[in-house]
Asker: 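Okay, here's the structure, questions in a sec.
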Amino acid sequence: MLVSVAGAVLILLSGEKRRNLREFWSVAAGAIMFLIVASMLPAVLDSKTIEYTLLHIMPGIELKFKADALSVLFALGASFLWIFTTFYSIGYMRAHKEHAQTRYYAYFALALTNTIGVAFSSNLFTMFLFYEGLSIITYPLVGHKQDATALAGARKYVIYLLGAAKVFLVAAIVLTYNLAGTLEFAKGGIFPAAVQAAHPILLSVIFLLYLYGFAKCAIMPLHGWLPAAMVAPTPVSALLHAVAVVKTGVFTVLRVVLFVFGTDLLKNLGVNQIAVFMATFTIVMASVIALSRDNLKARLAFSTISQLSYIILGAVLLTPSSLVGGISHITMHAFAKITLFFCAGSIYISAHKTEISQLSGIGRKMPWTMTAFAIGSLNMIGVPSVGGFISKWNLAVGSLEAGSLIVLLALLASTVLNTAYFMPIVYKAFFEKEHDDGHHNGHHEDIKENPFMVVPLCLTALGTVILGIYPDLVINLAREVIR
């Protein structure tokens, strides 16, 4: 975490006049952070944990950090993709001549500090501090453009996230501490057997408070902040709203399911069935809404809402395969969705187009961008040989293990809907002529792809294929989590 804090300081000291040095610090901080996280892999894969207590506040409440399989999996993805996002940001921010770029890179680094803080939190108290810090730090990034639309989107973003945390999450943490006497994560849960027997209804309410208190997971109806946040510059949408912020939401829910309640308690309470319904509803409904959106980033935003609930669904189905599917989908979805957002930004910078109806024939002028978009789309659908297939296959098997045919049908319906809202974009880009959409939105003659943007999006697209062919590291870490 200190690496990205130091990176933010060096970025601010470099300033606008030394922009090459400023952006070097961002790349260097991401690379160093990734290497430090990667150095923990051997111990974690050997079923060991790395712990460090920074501050003891009172019995059961400490500022404490722990590296285990779940935290390392999340932190590896976030730190690795930060490197690509920095290179992409150089192309995007310079080409668009964005203002306050030093502030942008500094807040970006601090956002990664909070994301890694959440990842390595050893208890609910520490996780809450960094979770809330991430909401506050990303507010200026969402409202970066500082016009009326950006400020309105940023306001909605912060009201949803901070409001849900204050109303639901604080109450859940206080109740947990009073019932369990600790906030420290433990495999199998932290509530004593006597509490489980005496307060089943209260424990069910507490679980639902966590589910909606961690509003970054965007489960309906607390999803409205995510489309509103798409007013941010595309690199912000890409990393923070496809990887860091939203994945922090589902990561925290996984922590609560596995390390606060435990699968046995949730099965006995039966409250997981409510969560299964809400996650399934979100998966299907968000996909239906995505179909109706012509704005590319808006369609990607509703796709993200749907895909996040795959992870929630995998957690609350409570079967071994569903848990592996949900945990692995954190990484599989991250690589694909960041690719798709990168492509949306590349189209905007090179062609100044934001609507899907404007994209007829653009694949012939932007072949690298649209090929990467096609690969990312296949990942979202779950086609074999890309990462999304691995996680979705495990989720489907998990639904059968849980004996839920309805969930399996919902997953299949979502796959059909994913195809319905992604494949027409690819078809339009490569197989339609410019005038075929009837809107005369052609004029692609002068379009040229930006290398600073194309190289990162091609590499992340390649990453989705590599994860589909060699998913061993991700799957092994996921299995280590539930062991």
Side-chain angles (χ1 to χ4, degrees), residues 142 149 152-154 156-157 160-161 164 212 214-234 236-250 277-313 329-330 332-345 347-348 353-359 373-374 376-382 388 391-392 395 410-426 428:
V142 175
T149 304
K156 187 173 185 178
Y157 170 83
Y160 263 80
L161 297 187
Y212 284 100
F214 289 122
K216 290 186 178 76
C217 71
I219 196 167
M220 289 182 171
L222 296 185
H223 67 286
W225 64 270
L226 203 154
M230 291 301 117
V231 297
T234 301
V236 175
S237 302
L239 186 66
L240 300 186
H241 302 128
V243 181
V245 170
V246 295
K247 290 308 189 307
T248 296
V250 291
F277 172 78
M278 295 310 302
T280 304
F281 176 81
T282 302
I283 287 169
V284 176
M285 188 53 62
S287 296
V288 171
I289 296 171
L291 268 173
S292 68
R293 295 297 187 266
D294 188 43
N295 182 275
L296 182 54
K297 282 181 70 176
R299 185 170 292 193
L300 293 178
F302 279 99
S303 169
T304 296
I305 294 168
S306 175
Q307 295 283 330
L308 290 174
S309 280
Y310 279 107
I311 301 168
I312 301 297
L313 181 63
H329 201 59
I330 291 178
M332 305 307 187
H333 174 259
F335 272 81
K337 189 51 65 72
I338 202 170
T339 301
L340 294 172
F341 272 115
F342 280 175
C343 292
I347 293 166
Y348 176 64
K353 299 184 188 300
T354 57
E355 309 303 305
I356 295 165
S357 57
Q358 300 172 340
L359 301 183
F373 189 94
S377 298
L378 293 175
N379 190 97
M380 293 292 99
I381 295 166
S391 51
K392 287 193 176 187
L395 288 169
L411 290 171
L412 294 173
S414 174
T415 297
V416 173
L417 289 167
N418 286 336
T419 306
Y421 65 72
F422 276 123
M423 285 298 99
I425 302 174
V426 178
K428 184 179 285 288

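Any value given below was found using the heavy atoms of this structure, including those in side chains, with hydrogens, waters and symmetry copies removed.
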Asker: Kindly give the heavy-atom pair with the smallest separation between Ile381 and Thr415, and that separation in Å.
Answerer: O-CG2, 3.4 Å

Asker: Report yes if some heavy atom in the side chain of Val245 is under 4.5 Å from a heavy atom in the side chain of Leu226; otherwise report no.
Answerer: no

Asker: Are Lys392 and His329 linked by a side-chain donor-acceptor pair shorter than 3.5 Å?
Answerer: no

Asker: Less than 4.5 Å apart, side chain to side chain, heavy atoms only: is that true for Leu300 and Phe422?
Answerer: yes

Asker: Is the closest side-chain heavy-atom distance between Ser391 and Tyr310 below 4.5 Å?
Answerer: no

Asker: Using 0.5 Å steps for rounding, measure from the OG atom of Ser287 to the CE atom of Met380.
Answerer: 11.0 Å

Asker: Begin with the C-alpha distance, continue with both residues' side-chain angles, and end with the deciding distance and a verdict on side-chain contact (heavy atoms from CB on, under 4.5 Å) for Lys216 and Lys247.
Answerer: CA-CA 8 Å; Lys216 290 186 178 76; Lys247 290 308 189 307; over 6 Å; no

Asker: Looking at Ala279 and Ile219, what are the two nearest heavy atoms and their distance?
Answerer: N-CD1, 3.8 Å

Asker: Looking only at atom types and distance, does a side-chain atom of Asp294 sit under 3.5 Å from a main-chain N or O of Glu355, one as donor and one as acceptor?
Answerer: no

Asker: Can you tell me how far CG of Leu296 sits from CD1 of Ile425, rounded to the nearest 0.5 angstrom?
Answerer: 5.5 Å

Asker: With rounding to the nearest 0.5 Å, note down the distance linking CZ in Phe373 to OG1 in Thr339.
Answerer: 10.5 Å

Asker: Just how far is it from atom OG of Ser309 to atom NE2 of His223, taken to the nearest 0.5 Å?
Answerer: 10.5 Å

Asker: Give a yes or no on whether Tyr212 atom OH has more than 12 heavy-atom contacts from other residues, nucleotides or ligands under 6.0 Å away.
Answerer: yes

Asker: Of all heavy-atom pairs between Lys428 and Ile356, which one has the smallest distance, and what is that distance?
Answerer: CD-O, 3.1 Å

Asker: Evaluate the side-chain hydrogen bond (donor to acceptor under 3.5 Å, both in side chains) criterion for residues Thr304 and Lys337: first the C-alpha distance (whole Å), next the side-chain angles of each, then the deciding distance (0.1 Å), finally the verdict.
Answerer: CA-CA 8 Å; Thr304 296; Lys337 189 51 65 72; 2.9 Å; yes

Asker: side-chain hydrogen bond (donor to acceptor under 3.5 Å, both in side chains) for Ser292 and Tyr421? Distances and angles first, verdict last.
Answerer: CA-CA 9 Å; Ser292 68; Tyr421 65 72; over 6 Å; no

Asker: At what distance, to the nearest 0.5 angstrom, does CG of Leu313 lie from OG1 of Thr280?
Answerer: 4.5 Å

Asker: For side-chain contact (heavy atoms from CB on, under 4.5 Å), just list the numbers for Asn379 and Gln307, CA-CA rounded to whole Å, side-chain angles, deciding distance to a tenth of an Å, and then say yes or no.
Answerer: CA-CA 11 Å; Asn379 190 97; Gln307 295 283 330; over 6 Å; no

Asker: Are any of the side-chain heavy atoms of Thr248 and Cys217 separated by less than 4.5 Å?
Answerer: no

Asker: Using modelled atom types and a 3.5 Å cut-off, is there a donor and acceptor pairing between side-chain atoms of Arg299 and backbone atoms of Arg293?
Answerer: yes

Asker: Any heavy-atom pair between the side chains of Met220 and Ile289 that's under 4.5 Å?
Answerer: yes

Asker: Quick check for you: to the nearest 0.5 Å, what is the distance between Ser306 atom OG and Asn418 atom CG?
Answerer: 6.0 Å

